[in-house]
Amino acid sequence: QPGLEAQLANVADEIAYKLGTQTIGHEILSYDELDSTNDVAFKRGEQGAKEGVCVFAEHQKKGRGRLGRVWQAPKGKNLLLSYLLTRRLRTWQVSINTLRAALSVIKEALKMSGETLGIKWPNDIVFEEKKLCGVLTEMSAEADRVNFVVVGIGVNVNATGSELPPGSTSLKEILGREVSRVEFARCLLKEIENDVNQFKKGRFAELCKEWEEFSATTGRRVVATLLDRKIQGQATGIDKDGALWIRKDNGLQERIIAGDIQHLRNSS
Ligand code: BTN
């Protein structure tokens, strides 16, 4: 229905209408403009809100990416979403949440497009090496106990060309048509709930296996930029904690839990 998205006050209602999920999206907040959807979801976490609160925005003034980067999106074109998870998690389980969020997005995007989308470790969704989606997970934790986790997802939906940061693409560019953000958001929340339920059942191994199926990184030559050094080698896959293993040219394996990687041409 045209025009629905223009009525910003109603976006939350549009998304919530007969959504049919149990937890994810039981409370939906939608803003015209804010600093970061992650901040609002984090505040709800501090206030003791229940798992599944979702925050959407048309525009972020201080959108954050991983590793201190900014996340840019033109107003009203893309999907900017954060959701709150409050289950008792161990710190090592948090990065699995990030991988899982990327999986939910990719599964949803694949339903629309037969194109080859892949996940670049840990959580970028890429199409022909161009970024379609990023995930930023933040948490409130003490020692080994996690109080809550906020998963922030940015999907380039209808922004095109110069509206996108360099090296990025969008669903509109891939599909050649506009995509309803409300419809995409509704489907995505259902997919996230499914995946959250899998996780509750402790199916980490299955999730990792599923992640591997979409991995654009496994088998590639990569350079990993770590805090203090760079390593180069072949990515051999992720383990059950979501860490990436790289076989260096001297044959030694390294396990990367955080950081940034770059895909190289396989001959380099
Ligand atoms: C990355 O690829 O570096 C992660 C990007 C995450 C962006 C999303 S947009 C919604 C949420 N709010 C933020 O400030 N960041 C995340």
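Each ligand, and each atom within it, is numbered from 1 in the order the structure gives. Predicted model only: the values in this text are computed from it and were never measured.
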Checklist entry - So which residues, sorted by chain and number, lie with a heavy atom under 4.0 Å of ligand 1? => result Ser36, Thr37, Asn38, Gln60, Gly63, Arg64, Gly65, Arg66, Trp71, Leu80, Leu81, Ser82, Asp124, Lys131, Gly134, Val135, Leu136, Gly152, Ile153, Gly154
Next on the checklist: Considering only residues two or more places apart or on different chains, which pairs with a residue in residues 226-253 satisfy ring pair (Phe, Tyr, Trp, His ring centres under 6.0 Å)?
Outcome noted: none
Checklist entry - For Ile15, does its backbone N or O pair with a side-chain atom of Arg186 as donor and acceptor, under 3.5 Å? => result yes
Checklist entry - Counting distance only, does the side-chain N/O of Thr21 pair as donor-acceptor with the main-chain N or O of Thr23 below 3.5 Å? => result no
Checklist entry - Is the closest basic N to carboxylate O distance between Lys172 and Glu178 below 4.0 Å? => result yes
Checklist entry - ring-ring contact (aromatic ring centres under 6.0 Å, His included) with Phe184: which residues, sequence neighbours excluded? => result none
Checklist entry - With Phe148, which residues qualify under ring-ring contact (aromatic ring centres under 6.0 Å, His included), at least two apart? => result Phe42
